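Index from 1, following the sequence. As the structure is a prediction and not an experimental result, all values here were calculated from the model. When a ligand or atom number is given, it counts from 1 through the structure's own listing order.
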Amino acid sequence: MIRRCVIVGGGTAGWMTAAALSKHLRGQVEITLVESDEIGIIGVGEATIPHIATFNAMLGVDEDEFLRETRGTFKLGIEFVDWLAPGERYIHGFGKLGPELDGLPFHHFWLRAQALGESVPLADCSINTVAPRAAKFMRPERGMQNSPLSEIVHAYHFDAGLYARFLRGRSERQGVQRIEGKIVEVRQQEDGAIAGVVLEDGRCVEGDFFVDCSGMRALLIEQTLKTGYEDWSRWLMCDRAVAVPSEAVAPLLPITRATARPAGWQWRIPLQHRIGNGHVYSSRFMDQAEATAILLKGLDGAPLAEPRHVTYVPGRRRKVWSRNCVAIGLAAGFFEPIESTNIHLIQTAIFRLMNLFPRGADSAAEADEANRQARIEYERVRDFIVLHYKATRRDDSPFWRQCRDMDIPDSLQHKIDLYRSSARFFRDDNELFGELSWVQVMEGQGIHAQGHHPFVLLRPADEVLAFVRNTRDVIARCVDVMPSHADYIAAHCAAPNLNSR
Ligand SMILES: Cc1cc2nc3c(=O)[nH]c(=O)nc-3n(C[C@H](O)[C@H](O)[C@H](O)COP(=O)(O)OP(=O)(O)OC[C@H]3O[C@@H](n4cnc5c(N)ncnc54)[C@H](O)[C@@H]3O)c2cc1C
């Protein structure tokens, strides 16, 4: 039986793992987390997708308390500006796209209406894409069945440093021991398994099982166990980021914004007390000075700190579990922040670890299964992200021309072909993003379906047109009665003393 579990790293990954394991292992396994104040955390990673609610629920986190403590805001989706072509924009919203009819997803009826000459934009047919345009937000009104107000789906933006602090508090109350110090050596047993980590002051922290949450350094999984890395830069050319916080400005948008730039894109994440900004770019096409200048020029408010620079190789660790060590977070790989998937991948890695938690030293079968699941999960998310770069009409810079002309994985090409032919999509291997996400991004990036499901033709044309127009009108009326995002936060989860911390 595993008795001592050591988590190396105290960023989002380390503290999420510590909070979850300490909750479930209830003191039966001694959990120690080692982190270095001198090295610190990466400090980006502030936008999420709705699945994080499952993680919070598992921990028993109160949503309002969590948002107050992390100065968080609500997120209804991601707005993509200039991705298809300069001047074009669309939103990938989390919620439903209109109601289903005759067992068919709404977008088939929307496509039929388009073919009949109707011009209602797809973006007018989801409350998650209409509300952000008016800077409005409320949580779903569960009592109002069949109303779009009951179908609002949200995620969060939060301050990464405060999130780690919030989870640290919970973890320590649940018995996790925190050791501050810089690891300078990793000791292995004769069979190669990790025995312990040695700190600068000579202390050695020993364990039976290790979770490598040391970020891109990957101290255990790569520097020690050398499991290898699969480089995906032929599809995902961005390999640098520069980040800077800026002053908060009104209105408070319930949405992450991603604006395409000549060699990458810029994020804008609104929090209660500031805006998180960053420019993700390809070093093959732009240098650091130019990327930083573009970032600063594109801010909505004054910068609040010096820009910070991040370098990465887009890809994934070939094995996330080797011997008595599992890598979670950036130590397991990093390929692209555009769809805010990395914190989600941390969450699924934690659930996977709990499902496959080893009984003792021999965990080869569990490791194989974890590595298999992680590979499939990463590849499916990768395809969705590559779609954003591939499906562009931009030809105004060498970066975008190369994205447009690149070869893509067969698995992605298959999805594009099927959608283009008849607007159909099937989820492979329980992949993260479902039909509604793919439809919005395909249409938003200019992959317009040429046909729709033939069963739509069983409905008279005027019924189809009325159905689509009515959907738009009901959503517009619902959004009219919603409060502003800022008012909603002020009423429910505003952080106290915003200027004092
Ligand atoms: C540009 C960019 C933007 C991103 N945006 C998003 C986003 O919007 N949404 C999202 O979901 N994800 C995003 N991510 C990913 C997200 O930032 C990470 O998944 C998340 O922050 C987890 O990081 P981590 O805990 O793995 O690593 P880190 O935060 O780097 O933590 C590593 C920890 O290991 C410790 N450590 C390292 N070496 C040693 C040592 N020798 N001794 C002791 N301790 C050590 C450090 O002190 C630190 O505590 C983004 C990533 C990048 C690069």
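Using modelled atom types, one side-chain atom of Thr392 and one backbone atom of Trp83 make a donor-acceptor pair closer than 3.5 Å.
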- [ ] Let me see the working for Ser340 and Lys75 under side-chain hydrogen bond (donor to acceptor under 3.5 Å, both in side chains), right down to the final yes or no.
- [x] CA-CA 11 Å; Ser340 316; Lys75 171 177 174 184; 2.9 Å; yes
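Protein residues lining ligand 1, listed by chain and number: Gly9, Gly10, Gly11, Thr12, Ala13, Glu35, Ser36, Ile39, Gly40, Ile41, Ile42, Val44, Gly45, Glu46, Ala47, Gly181, Lys182, Ile183, Cys213, Ser214, Gly215, Met216, Arg217, Leu219, Ala241, Trp267, Val310, Gly329, Leu330, Phe334, Pro337, Ser340, Asn342, Ile343, Ile346 [non-hydrogen atoms, distance under 4.0 Å].
Residues passing the salt bridge (charged side-chain N to carboxylate O under 4.0 Å, His left out) test with Arg139 are Glu63, Asp64, sequence neighbours excluded. Looking at residues two or more places apart in sequence or on another chain, you find a side-chain hydrogen bond (donor to acceptor under 3.5 Å, both in side chains) between Arg133 and Asp124. Applying the side-chain hydrogen bond (donor to acceptor under 3.5 Å, both in side chains) rule to Ser484 yields the partners Asp487; only residues at least two apart in sequence or on another chain are considered.
Ring geometry for Phe80 against Tyr90 counts as parallel: the plane angle stays under 30°, on a 0 to 90° scale with 60° as the upper cut.
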